[in-house]
4 protein chains.
Amino acid sequence: MGVYERQQKEKKILEAAIQLIGEKGLHATTVDDVAKKARISKGLVYFYYKSKEDLYMAITKKGFDELKELFHKAFGKSKEKTGLEVMTDLSESYLAFAREKKVFHDAVLHFLGLLDQYRVDKEMVNPLVRDSQFFSKLVQSHHDLAKLGIKAISTGIKDGSIRPDLHAESTFYTLWSMMIGYCRISGSISLEPGEIKINTESWKNGFKRLFFEILKGSNTPSVSPPVQGKLF
Amino acid sequence: MGVYERQQKEKKILEAAIQLIGEKGLHATTVDDVAKKARISKGLVYFYYKSKEDLYMAITKKGFDELKELFHKAFGKSKEKTGLEVMTDLSESYLAFAREKKVFHDAVLHFLGLLDQYRVDKEMVNPLVRDSQFFSKLVQSHHDLAKLGIKAISTGIKDGSIRPDLHAESTFYTLWSMMIGYCRISGSISLEPGEIKINTESWKNGFKRLFFEILKGSNTPSVSPPVQGKLF
Amino acid sequence: MGVYERQQKEKKILEAAIQLIGEKGLHATTVDDVAKKARISKGLVYFYYKSKEDLYMAITKKGFDELKELFHKAFGKSKEKTGLEVMTDLSESYLAFAREKKVFHDAVLHFLGLLDQYRVDKEMVNPLVRDSQFFSKLVQSHHDLAKLGIKAISTGIKDGSIRPDLHAESTFYTLWSMMIGYCRISGSISLEPGEIKINTESWKNGFKRLFFEILKGSNTPSVSPPVQGKLF
Amino acid sequence: MGVYERQQKEKKILEAAIQLIGEKGLHATTVDDVAKKARISKGLVYFYYKSKEDLYMAITKKGFDELKELFHKAFGKSKEKTGLEVMTDLSESYLAFAREKKVFHDAVLHFLGLLDQYRVDKEMVNPLVRDSQFFSKLVQSHHDLAKLGIKAISTGIKDGSIRPDLHAESTFYTLWSMMIGYCRISGSISLEPGEIKINTESWKNGFKRLFFEILKGSNTPSVSPPVQGKLF
DNA sequence: AATGAATGAGTCTTCATTCAT
DNA sequence: TATGAATGAAGACTCATTCAT
């Protein structure tokens with residue numbers, strides 16, 4: 001079988017897995033399901049991927065790749081965009097990505113969780129995962145991604161669209177955190193028992209405003225005299 | 001058996017579960033494990049908790065309770081603290097909580113995930129969970145917690161320690177998102193292959209600064225003329 | 001506690017069990033369910049009944065008793081009824097009993113099954129059952145019941161309402177069989193996919209006619225010349 | 001693995017199940033038992049049969065098939081037998097079947113019970129059963145079987161061996177009921193405490209006679225004047 | 001008499017993974 | 001390459017029964 005057919009088959013498996021995991025979640029998706037959806041045998045899935053984990057790492061890789069592409073798109077023809085504009089577009093598309101391609105976003109976050117474990121104690125991470133050829137690739141992908149984001153901010157600082165006193169690296173990670181946290185809880189606010197006057201939409205706007213202000217600085221001058229006392 | 005002994009036993013089970021889940025994760029922890037660690041029979045676990053899910057919800061409840069207490073502590077004798085100070089302390093202790101009591105923080109986030117599902121389609125949520133007496137309690141806990149956080153910000157706005165143009169609700173949720181996201185990825189940055197000049201510590205500082213500036217406004221005047229084009 | 005209260009409590013347990021088993025079946029009814037419905041503790045159920053089997057045997061006993069009463073009622077003031085009339089009424093009320101008090105009828109049949117096992121090999125029968133004080137009582141009840149039925153037929157033979165060439169014992173058992181079998185399958189005939197032109201109602205009539213004819217003889221003279229050949 | 005080996009293995013599982021259920025009953029037979037007896041792993045049982053219920057339905061199917069074959073055999077070369085003869089042979093072999101292949105007979109009756117439930121309320125029937133591919137097959141088998149029995153009686157009516165005033169359908173179901181009831185209780189009559197002069201053998205004869213007379217009519221003229229009152 | 005906490009053996013079922021073909 | 005039968009280790013949950021109080 002030629003390289004081409006081989007790749008086709010790998011792709012078919014991956015696509016099947018992505019769709020199924022998207023519908024039912026990783027845990028509820030069995031290797032058998034994937035094989036059936038890809039119209040191949042279970043054994044062949046194991047021929048292409050060493051384990052279910054391995055398959056999921058392939059998905060994670062694809063997740064990083066799509067994310068990277070998304071970052072690149074945000075840059076556009078970079079000459080024509082300020083760093084701030086890049087970041088604005090990026091935030092928009094990142095949020096859309098997390099919503100519409102939840103499988104990928106989940107996979108990426110799952111990987112970050114593994115990385116966390118790995119740092120605490122390498123032994124904690126499943127060897128099948130740790131020693132997989134994918135693992136180091138993913139570490140690299142993660143790194144590349146962060147670099148892109150950081151670059152956007154640096155650019156913005158240089159071109160004056162982003163305030164100069166920011167530290168690009170930590171700002172990027174902070175903004176990323178914001179977005180990750182936003183995705184995590186945006187679905188759960190404002191259930192029936194009210195008192196809290198907020199809905200998904202109004203929060204979204206508030207969120208974006210603060211996101212933007214972090215980069216640009218708030219127009220409102222900071223509270224004058226640094227905190228001039230609680231009660232007059 | 002008195003109420004006291006009963007509660008002791010419930011506590012013993014809960015503690016065993018908390019420890020095990022903390023070490024191995026929810027999925028990898030079996031009810032059998034919990035029973036063994038608590039030195040009781042598996043059946044008894046089911047006598048006190050209807051299901052593994054139910055047990056996990058009890059943990060979640062405890063998580064919310066601890067979190068609420070933590071919020072209360074941040075308020076301190078409220079007369080003596082500005083809203084900003086409350087929020088500063090809160091962020092500090094929240095981050096510590098998420099690190100040191102990961103099980104609880106995970107449980108709380110897991111519950112927010114359920115709430116998300118519930119909003120999309122109630123049927124998606126496991127009936128065992130949905131119809132549990134815990135479920136509505138947790139919804140309430142979530143709500144109470146948010147109210148506390150929002151109150152801190154409102155207070156700060158009133159006492160002038162937080163900039164007045166903020167919308168308390170969405171600001172709270174945004175800051176919460178930031179912290180959640182921070183916890184999610186702070187463990188995974190700056191693995192070996194460098195280029196990116198950042199480490200956990202430096203990011204933490206950057207993060208806190210931005211967190212703080214959101215509330216106070218940035219001292220640096222915002223990039224003058226509101227972004228009037230990239231360069232020229 | 002007086003004898004009276006004791007009996008009241010036993011009765012309460014029994015009634016709870018009867019209702020629950022009627023609704024959910026023996027297997028699906030737990031001792032806990034019964035205790036709860038009777039508003040007593042599980043332990044107390046075991047105080048009054050040695051085991052779940054024992055409780056079921058008490059129900060069986062009650063089933064036999066109700067059946068016996070039903071037989072007695074069918075006799076009425078026996079002076080005023082022919083044996084045939086008794087049997088006709090009996091068949092009617094037996095069928096109603098089996099339908100409306102399914103729990104009891106099932107229990108009685110279940111017991112007959114045990115008896116069957118017992119005859120093949122006593123060891124097969126659960127000792128808890130076999131050695132129960134109920135067991136021999138039930139054997140006696142069964143016997144008494146049969147005697148009543150047989151008596152009805154004998155009476156009918158003597159009073160000329162039932163054909164004289166019948167053997168009372170085997171006729172009774174045969175008719176009982178018919179009714180048991182009828183109850184067993186009457187609910188399952190004539191599902192959708194037709195061709196067979198029969199419905200529950202028409203069969204019921206056919207059944208009754210044949211039941212009646214067994215006792216009375218068929219009006220139609222038996223097929224003349226004993227079977228005069230298949231094809232002339 | 002060829003189709004043949006596959007069928008062999010299915011058969012092995014089936015046979016193990018049949019034997020075990022025959023010895024211990026459905027409830028007391030575990031899937032593990034079956035696997036062990038068939039010398040395979042438990043997982044493989046579930047590979048061939050979706051559930052224990054499914055396995056039992058396969059047994060039921062086999063029961064219907066054997067029963068159908070038995071009916072066909074009773075017909076023999078139909079040209080040479082009257083309908084009455086067919087029915088006589090049928091009753092004989094049916095009774096033998098119910099005795100010697102109790103598992104199958106029980107399974108068939110169990111299915112009729114399901115059908116009953118299904119008619120009352122489809123929801124009552126376990127979905128695993130209801131939606132099984134076996135279910136509709138079994139409905140069909142049941143139907144086919146009844147058709148064969150009815151045909152035997154119709155034939156007998158046409159060829160003059162069975163009395164012409166009978167309604168084939170309801171007569172068949174009535175006779176089937178008789179046999180089912182007979183099987184149900186024949187094992188339980190005449191235990192020790194006597195008075196009732198009957199034994200299994202004598203009843204069997206009485207039963208057959210009445211069975212036969214239903215079809216042929218009783219030679220004894222029916223009790224003259226239709227029961228014109230009890231005595232006077 | 002009465003309670004209900006406690007037990008533990010059991011039951012079905014699932015699934016990642018392997019391997020003979 | 002490709003198949004899919006086969007494995008076996010779990011794992012969640014149930015329930016009749018017991019027993020200390």
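Everything numeric here is computed off the predicted structure, so don't read it as measured data. Keep in mind that the numbers below use all heavy atoms, side chains included, and drop hydrogens, waters and symmetry copies.
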Distance-only criterion, 3.5 Å: show the donor-acceptor pairs between side-chain atoms of residues 5-19 of chain B and protein atoms not counting sequence neighbours.
unit_1	atom_1	unit_2	atom_2	d
E5(B)	OE1	G2(B)	N	3.2
Q19(B)	NE2	E23(B)	OE2	3.2

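For the atom pair CG of D131(B) and NZ of K50(B), the computed distance is 12.5 Å after rounding to the nearest 0.5 Å. With rounding to the nearest 0.5 Å, the separation of CG in L109(C) from CG in L114(C) is 11.5 Å.
Two rings, from F135(D) and Y118(D), have their centers less than 6.0 Å apart.
Look at OH on Y49(C): it is 14 Å from P on dA1(E), rounded to the nearest Å. For the pair R6(D) CZ and dT3(F) P, the computed distance is 15 Å after rounding to whole Å. Rounding to whole angstrom units, NZ of residue K36(A) and C1' of dC15(E) are separated by 12 Å. Rounded to an integer number of Å, the gap from E5(D) CD to dG4(F) C1' is 13 Å. Following rounding to the nearest Å, Y56(D) (OH) and dC12(E) (P) show an atom-to-atom distance of 14 Å. One interatomic measurement links the two molecules: CG of N126(D) to C1' of dC12(E), which rounds to 12 Å at whole-angstrom precision. Going from atom CZ of F47(B) over to atom P of dG8(E) covers 16 Å, rounded to whole Å. When rounded to the nearest whole Å, the span between CD1 of I13(D) and C1' of dA5(F) equals 11 Å.
Contact check on K37(A) versus D33(A) returns no salt bridge, with no Lys/Arg side-chain nitrogen under 4.0 Å from an Asp/Glu carboxylate oxygen.
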Given side-chain contact (heavy atoms from CB on, under 4.5 Å), test F104(B) with I21(B) step by step and report yes or no. CA-CA 10 Å; F104(B) 289 133; I21(B) 294 175; over 6 Å; no

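A donor-acceptor pair shorter than 3.5 Å cannot be found between the side chains of D54(A) and S51(A).
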Produce a footprint string for nucleotides 15-21 of chain F: one letter per nucleotide, 5' end first; B if the base is under 4.0 Å from any protein heavy atom, S if only the sugar-phosphate is, - if neither. SSBB---

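A donor-acceptor pair under 3.5 Å is absent between the side-chain atoms of S132(B) and the main chain of L128(B), judged by distance alone.
Not one side-chain nitrogen or oxygen of S41(C) sits closer than 4.0 Å to the OP1 or OP2 atom of dG4(E). Between dA1(E) and Y48(C), no contact under 4.0 Å exists linking OP1 or OP2 to a side-chain N or O.
The aromatic rings of F111(D) and F64(D) sit perpendicular to each other, their planes meeting at more than 60°, with 30° as the lower class boundary.
A stem is defined here as three or more consecutive Watson-Crick or G-U pairs, each with both distances under 3.5 Å; for DNA chain E these stems are E:2-21 with F:2-21.
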